[in-house]
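As the structure is a computational prediction, the values presented were derived from the model and not from experiment.
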Protein chains: 2
Amino acid sequence: MSELEAPRAVRALWAGSSDAPRRGPKPAMSVPAIAEAAVTLADEQGLDAVSMSSVAKRLGFTAMSLYRYVDTKDDLLQVMLDRAYGPVTVATDPDADWRAAAGDWARALLGRCQAHPWVVDVRMSSPPLTPNSVAWMDAGLRALSGTGLPPQQVASSLLMVDSYVRSHVRLLKEYSPDGLAAWSTRLRGVIDPGATPAVWEALQAEVFDDAPADEPWPSDDFTFGLEIVLGGIQQLVDP
Amino acid sequence: MSELEAPRAVRALWAGSSDAPRRGPKPAMSVPAIAEAAVTLADEQGLDAVSMSSVAKRLGFTAMSLYRYVDTKDDLLQVMLDRAYGPVTVATDPDADWRAAAGDWARALLGRCQAHPWVVDVRMSSPPLTPNSVAWMDAGLRALSGTGLPPQQVASSLLMVDSYVRSHVRLLKEYSPDGLAAWSTRLRGVIDPGATPAVWEALQAEVFDDAPADEPWPSDDFTFGLEIVLGGIQQLVDP
DNA sequence: CGGAACTGTGTACGATGCAAGCGGTTTTGG
DNA sequence: CCAAAACCGCTTGCATCGTACACAGTTCCG
């Protein structure tokens with residue numbers, strides 16, 4: 001039989017601080033405290049700076065002591081994600097327009113992801129199991145249930161919105177203005193105008209350079225792309 | 001002055017095999033050969049199995065010898081990506097409908113990404129600089145130039161299509177049927193129906209379980225989501 | 001022919017994730 | 001009430017990783 005239970009650290013998040021009398025010394029740390037330390041560390045120095053020892057050192061303990069709370073580093077990343085998302089920051093009005101509700105949900109999630117941009121760098125093999133992640137999912141499902149679509153399509157639609165938000169965050173990271181400038185100059189030094197004329201023309205048009213403020217690139221209008229996705233979902237609603 | 005040139009390995013990809021007479025022994029390896037070995041290794045055992053030593057061992061050399069061709073592991077990942085994408089596998093008909101051309105481009109890219117799913121796990125800090133990557137970009141720009149949109153919007157549109165393809169690949173990986181089944185059973189064991197009713201109902205409706213073949217989840221219809229994105233671009237074309 | 005440029009290699013270092021075991025502490029059961 | 005069990009944080013140790021550095025051998029230029 002394979003392991004059917006969630007990882008220990010994830011179960012700790014669900015259980016909360018149960019002060020049931022247990023044997024042995026009182027734990028000096030807690031899974032949420034570890035998650036908080038790891039998150040602030042990732043916020044300050046990036047995801048690569050998060051190691052067992054660095055997180056432990058920040059808390060004043062040794063690396064190995066963390067393993068009393070978190071079985072593996074992947075589990076640590078999971079609880080970090082849960083902490084980064086935090087509780088759902090958007091109200092749920094069951095009678096609201098589903099499109100407005102979904103938009104609010106997406107913008108709220110975007111805010112959390114922008115506050116902790118490293119979340120999009122965490123490699124996930126399966127969907128998250130942590131309380132806040134599930135709460136976000138629940139809020140998204142509730143928002144999209146207003147479409148009246150069958151459950152499977154509601155879930156699929158939520159997946160599309162969620163994917164769009166994450167893609168946008170990745171875009172903002174990868175195509176940051178300074179990195180973009182260095183990239184375009186490097187690109188100018190290698191490409192062959194004859195082989196890739198469209199890229200060449202784009203470079204000539206200074207598409208990737210610092211654009212005037214009235215025409216920024218990439219389009220920083222998150223709402224624009226979002227409306228495209230929501231419009232696509234609407235096509236499911238109105239046949 | 002910051003470094004304005006592309007990394008050595010990337011320049012080697014652009015230069016091709018120039019047999020200009022150079023001093024010292026003939027190189028026993030080459031950047032493309034290294035890339036090929038690393039790619040097949042990633043295909044067979046996953047991206048985590050790709051290390052300097054493992055790639056070198058596959059080629060019959062030591063880890064350090066790779067550094068004569070690739071300055072850092074990040075550069076190795078870049079040339080791996082270039083090899084994974086390969087040359088553009090879609091024809092470009094300048095007179096074709098831009099929507100069909102963009103769709104073909106997206107489906108071709110999807111094929112390459114599915115052949116090497118680890119490509120979406122490579123963390124990128126800036127856009128790729130390698131020949132095949134640029135060639136794919138060029139083909140995408142050419143396909144979308146048929147929209148007649150200004151260059152900035154063409155580039156933004158391509159970014160949206162590209163993001164969608166990558167999101168879809170990530171989705172297929174993360175929500176694979178077997179991982180999904182384990183996830184849903186684990187989820188059943190932790191969630192509180194009162195706190196997250198929508199997730200609970202979705203679980204009751206067996207949304208995430210093995211769905212009947214006539215209603216698979218997540219919707220494996222890549223084209224469906226693609227049409228949404230292309231439809232959004234069309235809204236830019238037809239005001 | 002001698003040196004310059006370049007090759008692959010061996011060694012070494014710090015960092016990482018983690019397994020195993022240790023002494024000390026607290027609760028529990030007889 | 002006390003031994004056993006459960007649990008804490010810590011030390012030690014190991015394999016692996018990326019990579020800096022020095023070295024011996026090879027090839028070409030002057």
* Tyr69(A) side chain N/O closer than 4.0 Å to the phosphate oxygens (OP1, OP2) of dG9(D)? -> yes
* **Given dG18(D), dC6(C), dG24(C), the nucleotide with the shortest approach to the side chain of Ser51(B)** => dG18(D)
* Asked: Can you tell me if the side-chain N/O atoms of Arg68(A) get under 4.0 Å from OP1 or OP2 in dC10(D)?
  -> no
* Structure fact -> On a heavy-atom basis, the closest approach of Ala106(A) and Phe222(A) is O-CZ, 4.1 Å
* Structure fact -> Taken to the nearest whole Å, CD1/Ile34(B) to P/dG8(C) is 9 Å
* Structure fact -> When rounded to whole Å, the CZ to P distance for the pair Phe61(B) and dT9(C) reads 6 Å
* Per the end-axis method with five pairs at each terminus, what is the bend angle of the helix from dC1(C)-dG30(D) to dG30(C)-dC1(D), to 10°? -> 10°
* Asked: Met64(B) near the nucleic acid: base, sugar-phosphate alone, or nothing, with a heavy-atom cut-off under 4.0 Å?
  -> base
* Asked: Of Met52(A) and Arg22(B), whose nearest nucleotide on DNA chain C comes first from the 5' end?
  -> Arg22(B)
* Walk me through it: do Asn132(A) and Thr130(A) pass the test side chain to side chain donor-acceptor pair (under 3.5 Å)? => CA-CA 6 Å; Asn132(A) 286 332; Thr130(A) 56; over 6 Å; no
* To do: Using whole Å, report how far OH of Tyr67(A) lies from C1' of dT12(D).
  => 15 Å
* Asked: Hey, are the side chains of Val122(B) and Met80(B) touching, using non-hydrogen atoms and a 4.5 Å cut-off?
  -> no
* Mind jotting down which residue pairs meet the salt bridge (charged side-chain N to carboxylate O under 4.0 Å, His left out) criterion with at least one end in residues 119-136 of chain A? Sequence neighbours excluded, please. => Asp121(A)-Lys173(A), Arg123(A)-Asp48(B)
* Asked: Could you give the CE-to-P distance, from Met29(B) to dT9(C), as a whole number of Å?
  -> 7 Å
* Asked: Phosphate oxygens OP1/OP2 of dG18(D): is one of them under 4.0 Å from a side-chain N or O of Ser53(B)?
  -> no
* Structure fact -> Sorted by chain and number, sequence neighbours left out, salt bridge (charged side-chain N to carboxylate O under 4.0 Å, His left out) with Arg58(A) holds for Glu44(A)
* Asked: Taking only side-chain nitrogens and oxygens of Thr72(A), does any of them come within less than 4.0 Å of OP1 or OP2 of dC18(C)?
  -> yes
* **Interatomic distance where NZ belongs to Lys57(A) and C1' belongs to dG14(C) [whole Å]** => 12 Å
* Nearest whole angstrom, please: distance from the P of dT16(D) to the NZ of Lys73(A). => 19 Å
* To do: Would you indicate which nucleotide in dT19(D), dG17(C), dA4(C) comes nearest to any side-chain atom of Arg23(B)?
  => dA4(C)
* Asked: Does Lys26(A) have a side-chain nitrogen or oxygen under 4.0 Å from the phosphate oxygens OP1 or OP2 of dT27(C)?
  -> yes
* Atom-to-atom span, CG of Leu59(A) to C1' of dC8(D) - whole angstrom -> 16 Å
* Taking for each residue the nucleotide of DNA chain D bearing the nearest heavy atom, is the 5' side occupied by Pro27(A) or by Asp71(B)? -> Pro27(A)
* Structure fact -> Atom CG of Leu66(A) and atom C1' of dT16(C) are separated, to the nearest Å, by 13 Å
* How is Ala63(A) classified with respect to the nucleic acid when contacts are heavy atoms under 4.0 Å: base, sugar-phosphate, or nothing? -> nothing
* Distance check: side-chain N/O of Ser65(B) vs OP1/OP2 of dT9(C), anything under 4.0 Å? -> yes
* Starting at CZ of Arg68(B), measure out to CZ of Arg8(B) and round the result to the nearest 0.5 Å. => 8.0 Å
* Walk me through it: do Trp136(B) and Asp162(B) pass the test side chain to side chain donor-acceptor pair (under 3.5 Å)? => CA-CA 10 Å; Trp136(B) 277 95; Asp162(B) 186 88; over 6 Å; no
* Search all heavy atoms of Ala198(A) against all heavy atoms of Arg142(B) and return the closest pair with its distance. => CB-CG, 3.7 Å
